[in-house]
Amino acid sequence: MVQIAFYAFSALTIIGGLAVLLTRNVLYAAFFLLLTLLGVAGLFVLASADFLAIAQIMIYVGGVLVLVIFGVMLTHRRQLPGEAGSQQANTILSQNRGDSWSWVVALAVAGSLFTALYVLIFRANFTLLANPVGWQNTTGIIGKQLMTEYVVPFEIAGILLLAALVGAAYLASPQSKNAQDAAR
Amino acid sequence: MQPVDSHLFLLVGAALFSIGLAVVMLKRHAIVVLMGIELMLNAVNINLVAFSQYDPDRLQGQMLALFVMVVAAAESAVALAIVLRVYRHFRTAQLDELRELND
């Protein structure tokens, strides 16, 4: 039962990732990224990381993906005003880099990396992986760890998020005319 | 309820990382490149969580994965703001068309 769920979630993850690679529509890529993120959340549950699975869904699906879709919409080159009706589907295309050679090079690099990792994983003979594992509830332990051993990284993460928020708001805000003239 | 063999988690992580690397190398739209980076970060998180199963008292892998998620969220917010700014300036988000430093 667990094995079947694992294979289903990993198929969801890999197929979503491949679809992000293969599709040319940026909006479709964002929705396939949603599939991948949900599959990764399922994999987290199967690795007995329940809190992280919920955090994955809330942060990535609820935050990052919505932000990405906003970015796709805002960087959309407007079509001619006559033909951009609301009835037409939005096709926002991402061109691939260069010609067909770039496919060969990219697939060669990625494929050789995957082969190297595959060989490494099955030859490395981790003694750790022979130990038995069990299911457990991790939320309490993570809470205790955040307040004791990881309290400094926790606070730094808070400051980082504040700085990123301020920086993103400043970068994305439209410049006024005077500021543009002053910059020149 | 037999837990899953951890080698399979590592394998899925390796495949997802390779796919993310291919997306970063191949695509020209800046936002799709960001999606590739997100895929690679997720692959790393799968690895960390898979190894964290064997550390049930301290859960160091899961803590690191949590901080990776926080940093990824901050990174994507700032990166999308920069992409928006670049789009407003050059009227395009295709990376190969950005050839000038000065306007």
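Below, read A as the first sequence line, B as the second, and so on, with proteins coming before strands; counting in each chain starts at 1. Computed over heavy atoms, backbone and side chain alike; hydrogens, waters and symmetry mates excluded.
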Which is it for B/Val33 and B/His29 under the side-chain contact (heavy atoms from CB on, under 4.5 Å) test, yes or no, and what are the steps along the way?
CA-CA 7 Å; B/Val33 173; B/His29 199 285; over 6 Å; no
Carefully, step by step, assess A/Ile15 and A/Leu35 under the rule side-chain contact (heavy atoms from CB on, under 4.5 Å).
CA-CA 8 Å; A/Ile15 289 173; A/Leu35 275 190; 5.7 Å; no
As a quick check of understanding, evaluate side-chain contact (heavy atoms from CB on, under 4.5 Å) for A/Thr138 and A/Gln136, giving each step before the final call.
CA-CA 6 Å; A/Thr138 60; A/Gln136 64 165 348; 4.2 Å; yes
From CA spacing to verdict: side-chain contact (heavy atoms from CB on, under 4.5 Å), B/Met69, A/Leu52
CA-CA 9 Å; B/Met69 271 187 206; A/Leu52 271 187; 3.9 Å; yes
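In terms of heavy-atom pairs under 4.5 angstrom with chain B, the leader among A/Pro153, A/Ser48, A/Ala157 is A/Pro153. Comparing A/Phe44, A/Tyr7, A/Phe70, A/Tyr118 by heavy-atom pairs within less than 4.5 Å of chain B, the highest count is held by A/Phe44. For the set B/Asp5, B/Val86, B/Val49, B/Asp57, the count of heavy-atom pairs under 4.5 angstrom toward chain A peaks at B/Val49. Considering only heavy-atom pairs separated by less than 4.5 Å from chain A, the leading option among B/Leu11, B/Val71, B/Val78 is B/Leu11. Interface check for chain B: of the options A/Val105, A/Val109, A/Leu67, A/Leu113, the most heavy-atom pairs under 4.5 Å are formed by A/Leu67. Contact tally against chain B (heavy-atom pairs below 4.5 Å) for A/Leu65, A/Leu107, A/Leu74, A/Leu22: the top residue is A/Leu74. Interface summary for chain A: among B/Leu10, B/Leu34, B/Ile82, the most heavy-atom pairs under 4.5 angstrom belong to B/Leu10. Put simply, of A/Leu46, A/Leu117, A/Ile142, the one with the most heavy-atom pairs under 4.5 Å next to chain B is A/Ile142. Most heavy-atom pairs under 4.5 Å with chain B, from the set A/Ala124, A/Ser173, A/Ala172: that is A/Ala172.
For a residue to count as touching a neighbouring chain, one of its non-hydrogen atoms must lie under 4.5 Å from one of that chain's; by this rule A/Ile59 touches chain B with the side chain only. Heavy atoms of B/Ile46 lying under 4.5 Å from chain A belong to its backbone as well as its side chain. Residue contact with chain A, scored on non-hydrogen atoms closer than 4.5 Å, involves the side chain of B/Met63 exclusively. Heavy atoms of B/Asn45 lying under 4.5 Å from chain A belong to its backbone as well as its side chain. With a 4.5 angstrom heavy-atom cutoff, A/Leu18 touches chain B via backbone and side-chain atoms both. Only the side chain of B/Leu21 comes within contact range of chain A, judged by heavy atoms closer than 4.5 Å. Interface residue A/Gln56: backbone and side-chain heavy atoms are both found under 4.5 Å from chain B. Residue A/Ile156: no heavy atom, backbone or side chain, is found under 4.5 Å from chain B. For B/Gln60, the parts lying under 4.5 angstrom from a heavy atom of chain A are both the backbone and the side chain. Contacts of B/Leu80 with chain A are made by side-chain atoms alone, with heavy-atom separations under 4.5 Å and no backbone atom involved.
Between the side chains of B/Asn42 and A/Thr36, no donor-acceptor pair is found at a separation under 3.5 Å.
Between B/Ile19 and B/Met40, every side-chain heavy-atom pair lies at or beyond the 4.5 Å cut-off.
Closest approach of A/Ala29 and A/Val20 over heavy atoms only: O-CG2, 3.5 Å. Summarising the geometry of B/Gln53 relative to B/Pro56, their closest heavy-atom pair is O-CD, 4.1 Å, with the distance given to 0.1 Å.
Chain B is approached within less than 4.5 Å, heavy atom to heavy atom, by A/Leu160, A/Leu161, A/Ala164 from residues 158-167 of chain A, ordered by number.
Residues forming a ring-ring contact (aromatic ring centres under 6.0 Å, His included) with A/Phe51 (at least two apart in sequence, or on another chain): none.
For residues 37-84 of chain B, the set of pairs meeting the ring-ring contact (aromatic ring centres under 6.0 Å, His included) definition, not counting sequence neighbours, comprises A/Phe126-B/Phe51. For residues 5-24 of chain B, the ring-ring contact (aromatic ring centres under 6.0 Å, His included) pairs, not counting sequence neighbours, are A/Phe6-B/Phe9, A/Phe122-B/His7.
Stacking of B/Arg85 on the aromatic ring of B/Tyr87 is not recorded, the 6.0 Å distance cut-off and the 45° axial limit not both being met.
When each of A/Leu27, A/Val72, A/Ile69 is checked for a side chain to side chain contact (heavy atoms under 4.5 Å, CB included) with B/Ile31, only A/Val72 meets the rule.
A/Val45 and A/Leu43 fall into different hydrophobic clusters, defined by Ile, Leu, Val, Met, Phe, Trp and Tyr side-chain heavy atoms under 4.5 Å apart, directly or through other members.
Counting non-hydrogen atoms of other residues, nucleotides and ligands closer than 6.0 Å to CG of A/Leu128 gives a total above 12.
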